[in-house]
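Each remark here refers to the structure printed beneath this line.
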Amino acid sequence: MESMEIAMTTSVLFVCLGNICRSPLAEGAMRRLVEIEAAAIRIDSAGTGDWHIGRAPDPRAQAEALRQGLDISMLRARQVTTEDFHRFDHIVAMDAQNLADLLAMRPEGAQARLSRLLDHVGGGDVPDPYYGGDDGFAETFRLVESGARALLQAISGQRATTL
Ligand code: 4NP
């Protein structure tokens, strides 16, 4: 019963640079895992940059998601705000630069716990696939799904790797 109460109140924001490649894939992967686990976790994604605000995920990310049986076409990019640090329990960065940018903008008294996604599976960055070829997105999905799986376990057990 206690773990159910914890799950009911948990929220996760995935953050990358543009919010059109990595974090929408992480959001999609996490949504499916949460459905499978029947966990009640609020999930969203955002970017530290503002170039792609309002846009759907990169077509290569959408295509990779579809290959994985996921439709992420309805997602729209937005930029991280200081409010997000009060609205989410976990803010999960894709790489070290995203994490540094988040730490730099973290407001006083923020409740959100910050981590890098792959810290939940031993560390490392989810490399930016934007300037690479289509095949980079398969690797991106593999990484974000493994990180999301570990993150969900950590949240369920309240053992998240946080700063
Ligand atoms: P994302 O990828 O951070 O995984 O969404 C990028 C998307 C756009 C740019 C960089 C990275 N950009 O420079 O426009």
Side-chain angles (χ1 to χ4, degrees), residues 11-35 41-107 110 112-152 154-155 160-163:
S11 52
V12 177
L13 178 68
F14 293 106
V15 173
C16 61
L17 179 59
N19 193 208
I20 55 168
C21 297
R22 292 165 291 176
S23 61
L25 284 172
E27 178 177 350
M30 185 75 164
R31 283 190 186 283
R32 178 157 65 192
L33 290 168
V34 162
E35 254 172 49
I41 299 178
R42 185 162 55 87
I43 303 161
D44 195 5
S45 65
T48 56
D50 64 1
W51 309 285
H52 303 284
I53 290 173
R55 299 221 182 114
D58 186 288
R60 298 166 295 174
Q62 291 194 45
E64 178 56 29
L66 277 183
R67 272 193 289 278
Q68 302 291 337
L70 286 168
D71 180 5
I72 60 168
S73 64
M74 78 298 289
L75 300 181
R76 293 295 177 266
R78 72 171 182 88
Q79 192 171 22
V80 187
T81 67
T82 50
E83 261 303 293
D84 286 322
F85 290 81
H86 301 294
R87 292 178 49 234
F88 288 89
D89 298 306
H90 300 271
I91 299 183
V92 183
M94 294 299 119
D95 65 31
Q97 186 59 55
N98 306 148
L99 186 57
D101 291 342
L102 287 165
L103 283 167
M105 70 181 287
R106 175 158 64 171
R113 292 188 249 177
L114 266 55
S115 65
R116 195 171 48 154
L117 182 62
L118 296 186
D119 286 345
H120 302 279
V121 283
D125 289 342
V126 179
D128 184 349
Y130 186 67
Y131 294 107
D134 290 6
D135 52 349
F137 284 74
E139 174 66 359
T140 300
F141 188 84
R142 193 185 68 74
L143 290 173
V144 298
E145 191 179 45
S146 74
R149 199 180 292 279
L151 175 66
L152 181 54
I155 289 172
T161 308
T162 56
L163 294 177

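Every number for a ligand or one of its atoms is a count from 1 in the order of the listing.
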Review point. Looking at Asp135, Val126, Asp128, which hits side-chain contact (heavy atoms from CB on, under 4.5 Å) with Thr140?
Key: Val126
Review point. Between the side chain of Asp58 and the main-chain N/O of Ile20, is any donor-acceptor distance below 3.5 Å?
Key: no
Check your understanding: Looking only at side chains, do Asn98 and Asp101 share a donor and an acceptor under 3.5 Å apart?
Key -> no
Review point. Counting only N and O atoms by type, is there a donor-acceptor contact under 3.5 Å from the side chain of Arg60 to the main-chain atoms of Tyr130?
Key: yes
Point to revise | Asp95 side-chain N/O to Asp125 backbone N/O, donor-acceptor pair under 3.5 Å | key: no
Can you produce the list of protein nitrogen or oxygen atoms under 3.5 Å from a nitrogen or oxygen of ligand 1, alongside each distance?
{"from": "ligand 1", "atom 1": "2 (O)", "to": "Asp128", "atom 2": "OD1", "distance (Å)": "3.3"}
{"from": "ligand 1", "atom 1": "3 (O)", "to": "Leu17", "atom 2": "N", "distance (Å)": "2.9"}
{"from": "ligand 1", "atom 1": "3 (O)", "to": "Gly18", "atom 2": "N", "distance (Å)": "2.8"}
{"from": "ligand 1", "atom 1": "3 (O)", "to": "Arg22", "atom 2": "NH2", "distance (Å)": "2.9"}
{"from": "ligand 1", "atom 1": "4 (O)", "to": "Arg22", "atom 2": "N", "distance (Å)": "2.9"}
{"from": "ligand 1", "atom 1": "4 (O)", "to": "Arg22", "atom 2": "NE", "distance (Å)": "2.7"}
{"from": "ligand 1", "atom 1": "5 (O)", "to": "Gly18", "atom 2": "N", "distance (Å)": "3.4"}
{"from": "ligand 1", "atom 1": "5 (O)", "to": "Asn19", "atom 2": "N", "distance (Å)": "3.2"}
{"from": "ligand 1", "atom 1": "5 (O)", "to": "Ile20", "atom 2": "N", "distance (Å)": "3.0"}
{"from": "ligand 1", "atom 1": "5 (O)", "to": "Cys21", "atom 2": "N", "distance (Å)": "2.9"}
{"from": "ligand 1", "atom 1": "13 (O)", "to": "Tyr131", "atom 2": "OH", "distance (Å)": "3.2"}
{"from": "ligand 1", "atom 1": "14 (O)", "to": "His52", "atom 2": "NE2", "distance (Å)": "2.7"}

Check your understanding: Looking only at side chains, do Ser115 and His120 share a donor and an acceptor under 3.5 Å apart?
Key -> yes
